[in-house]
Amino acid sequence: MTDAADSGWLRTVAHEVRSFDRSSTAERVAELLRARVIEGDLPPGTRLSEEQLVEVLHVSRNTLREAFRLLTHEGLLVHRLHRGVFVPELDEDDLVDLYRARRAIECGVVARLEGADAVRLRPLHDAVAAAEDAARRGDWPAVGTANMRFHLALVALGRSRRLDETAARLFAELRLLFQTVADPRPLHEPYVQRNRALLDLLAAGETARAAEQLDAYLHDSESQLRTVHRDSPRRVP
């Protein structure tokens with residue numbers, strides 16, 4: 001078990017909270033914590049310290065507990081009686097369901113896209129460049145983070161706040177699955193080039209081909225993650 005009170009991720013939260021709107025609600029707190037899951041700062045098994053978070057976020061215990069409740073409803077936290085609040089560990093059934101939802105959302109967005117200009121594609125360019133740079137450095141967790149950002153930016157092309165919010169929750173859960181894999185390189189390396197190829201198709205306006213390739217991409221990713229997740233020795237949080 002990892003205790004979040006002993007982790008460096010709180011320094012990031014302390015930095016982010018400087019721009020925190022003091023009138024913010026539990027939803028804003030939940031959004032901030034969800035982002036930490038997506039970025040990979042909170043691996044499965046992490047215990048969240050209520051005392052530390054109340055101090056760092058400058059919110060009431062009631063506000064924090066409501067944020068915990070929201071994230072528990074999303075499946076990103078679990079409450080264990082007499083032990084506290086933890087980041088959960090997901091299983092293969094969760095993995096299959098997450099990819100089913102990903103295909104419905106991501107392929108749906110791309111298939112219905114009527115073209116996107118350079119400005120709208122800029123976040124995808126930035127994410128691909130970040131992944132390529134991280135791969136050259138051998139920083140595979142950073143490659144995984146850049147890949148997450150690429151797919152979130154892909155969903156954002158749909159210009160739907162509800163889809164964006166749903167995708168953020170899905171990718172936070174997906175990151176929990178990634179975190180259980182001991183060696184992230186085989187999990188992320190093949191998709192650096194595939195993200196670049198998808199981006200090139202979108203930039204060329206070939207959305208039908210992009211949707212077709214994305215569907216195959218997600219099927220391959222799911223199959224690979226299921227194999228790696230099943231066979232890889234687990235990290236001990």
Side-chain angles (χ1 to χ4, degrees), residues 1-4 6-12 33-48 74-78 86-103 106 124 126-155 167-199 213-237:
M1 180 188 74
T2 301
D3 193 322
D6 300 325
S7 302
W9 75 278
L10 279 169
R11 289 192 293 272
T12 302
L33 295 176
R34 189 186 303 110
R36 292 302 95 216
V37 175
I38 293 174
E39 294 294 313
D41 293 329
L42 294 172
T46 299
R47 176 182 175 273
L48 299 187
E74 294 177 12
L76 297 181
L77 294 178
V78 293
F86 294 80
V87 180
E89 298 182 64
L90 305 185
D91 59 23
E92 190 167 341
D93 288 341
D94 294 311
L95 189 161
V96 171
D97 194 42
L98 284 168
Y99 270 86
R100 184 180 297 120
R102 285 190 69 185
R103 283 191 291 274
E106 294 186 55
L124 284 85
D126 292 343
V128 167
E132 291 171 342
D133 179 65
R136 283 191 291 270
R137 292 184 281 107
D139 188 347
W140 300 106
V143 172
T145 297
N147 183 59
M148 292 276 187
R149 292 174 179 168
F150 175 86
H151 287 278
L152 286 169
L154 190 68
V155 174
R169 292 193 292 269
L170 290 175
F171 280 101
E173 287 191 85
L174 193 64
R175 190 64 186 240
L176 297 181
L177 288 166
F178 288 165
Q179 296 266 55
T180 66
V181 177
D183 181 8
R185 179 172 183 169
L187 191 66
H188 301 310
E189 187 172 28
Y191 299 96
V192 176
Q193 184 176 354
R194 292 181 78 164
N195 283 350
R196 171 64 71 181
L198 275 173
L199 178 57
Q213 289 198 15
L214 179 59
D215 183 69
Y217 171 124
L218 292 176
H219 277 285
D220 291 346
S221 177
E222 177 186 354
S223 177
Q224 182 187 18
L225 182 55
R226 290 176 72 176
T227 299
V228 174
H229 185 264
R230 188 183 303 125
D231 298 342
S232 177
R234 302 293 189 262
R235 291 172 176 167
V236 179

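Heads up: numbering here begins at 1 and tracks the sequence.
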> Is the closest side-chain heavy-atom distance between Leu76 and Val87 below 4.5 Å?
Replying inline: no
> Where is the tightest heavy-atom contact between Val192 and Ala135, given as atom of each residue plus distance?
Replying inline: CG2-CB, 4.4 Å
> To the nearest 0.5 Å, what is the distance between CG (Leu198) and CG (Leu124)?
Replying inline: 9.0 Å
> Considering residues at least two apart in sequence or located in another chain, which fulfil the side-chain hydrogen bond (donor to acceptor under 3.5 Å, both in side chains) criterion with Asp94?
Replying inline: none
> Is there side-chain contact between Tyr99 and His219, with at least one heavy-atom pair below 4.5 Å?
Replying inline: no
> Got a sec, which residues hit side-chain hydrogen bond (donor to acceptor under 3.5 Å, both in side chains) with Glu39, two or more places apart in sequence or on another chain?
Replying inline: Arg149
> Are any non-hydrogen side-chain atoms of Leu42 and Gln179 less than 4.5 angstrom apart?
Replying inline: no
> How many angstroms lie between CG in Leu218 and CG in Leu98, if you round to the nearest 0.5 Å?
Replying inline: 12.0 Å
>> Once salt bridge (charged side-chain N to carboxylate O under 4.0 Å, His left out) is applied, do any residues pair with Arg175, and if so which ones, sequence neighbours excluded?
In response: none
> Residues in ring pair (Phe, Tyr, Trp, His ring centres under 6.0 Å) with Tyr191, at least two apart?
Replying inline: Tyr217
>> Set out, in order, the CA-CA distance, both residues' side-chain angles and the distance that settles side-chain contact (heavy atoms from CB on, under 4.5 Å) for Gln213 and Arg194, then state yes or no.
In response: CA-CA 9 Å; Gln213 289 198 15; Arg194 292 181 78 164; over 6 Å; no
> Taking all atoms of both residues into account, what is the closest heavy-atom pair of Val37 and Ala172, and its distance?
Replying inline: CG1-O, 3.3 Å
>> Restricting to non-hydrogen atoms, name the atom on Ala168 and the atom on Ile38 that form the minimum distance, rounded to 0.1 Å.
In response: O-CD1, 3.5 Å
>> Distance check, rounded to the nearest 0.5 Å: Asn195 atom CG versus Asn147 atom CG?
In response: 5.0 Å
> Among all residues two or more places apart in sequence or in another chain, which pass the side-chain hydrogen bond (donor to acceptor under 3.5 Å, both in side chains) test with Glu173?
Replying inline: none
> Distance from Arg102 atom CZ to Leu170 atom CG, nearest 0.5 Å?
Replying inline: 8.5 Å
> Does the pair Phe171 and Leu152 meet the rule for a side-chain contact (heavy atoms from CB on, under 4.5 Å), with working shown?
Replying inline: CA-CA 8 Å; Phe171 280 101; Leu152 286 169; 3.6 Å; yes
> Closest heavy-atom contact between Leu225 and Leu187?
Replying inline: CD1-CD1, 3.3 Å
>> Please determine whether the number of non-hydrogen atoms from other residues, nucleotides or ligands lying under 6.0 Å from atom CD of Glu92 exceeds 12.
In response: yes
> Centroid-to-centroid, Phe178 to His188, below 6.0 Å?
Replying inline: yes
>> If you apply the rule side-chain contact (heavy atoms from CB on, under 4.5 Å), what do you find for Leu48 with Leu77, and how did you get there?
In response: CA-CA 9 Å; Leu48 299 187; Leu77 294 178; 3.5 Å; yes
> Looking only at heavy atoms, which two atoms of Pro44 and Leu176 are closest? And how far apart?
Replying inline: CG-O, 3.3 Å
> Between Arg100 and Glu222, does at least one N-O distance fall below 4.0 Å, as a salt bridge requires?
Replying inline: no
> Closest heavy-atom contact between Arg34 and Arg169?
Replying inline: NE-CG, 3.8 Å
>> Using the rule given for salt bridge (Lys or Arg N to Asp or Glu O under 4.0 Å), can you reason through Asp139 versus Arg137, listing the C-alpha separation, both sets of side-chain angles and the distance that settles it, and then say yes or no?
In response: CA-CA 5 Å; Asp139 188 347; Arg137 292 184 281 107; 3.5 Å; yes
> Once you round to the nearest 0.5 Å, how far does CG of Leu199 lie from CG of Leu154?
Replying inline: 9.5 Å
>> Is any side-chain heavy atom of Val143 closer than 4.5 Å to one of Glu189?
In response: no
> Are any side-chain N or O atoms of Thr46 and backbone N or O atoms of Pro43, one a donor and one an acceptor, separated by less than 3.5 Å?
Replying inline: yes
> Do Leu174 and Met148 touch side chain to side chain, with heavy atoms closer than 4.5 Å?
Replying inline: yes
> Which residues pass the side-chain hydrogen bond (donor to acceptor under 3.5 Å, both in side chains) test with Glu132, sequence neighbours left out?
Replying inline: Arg196
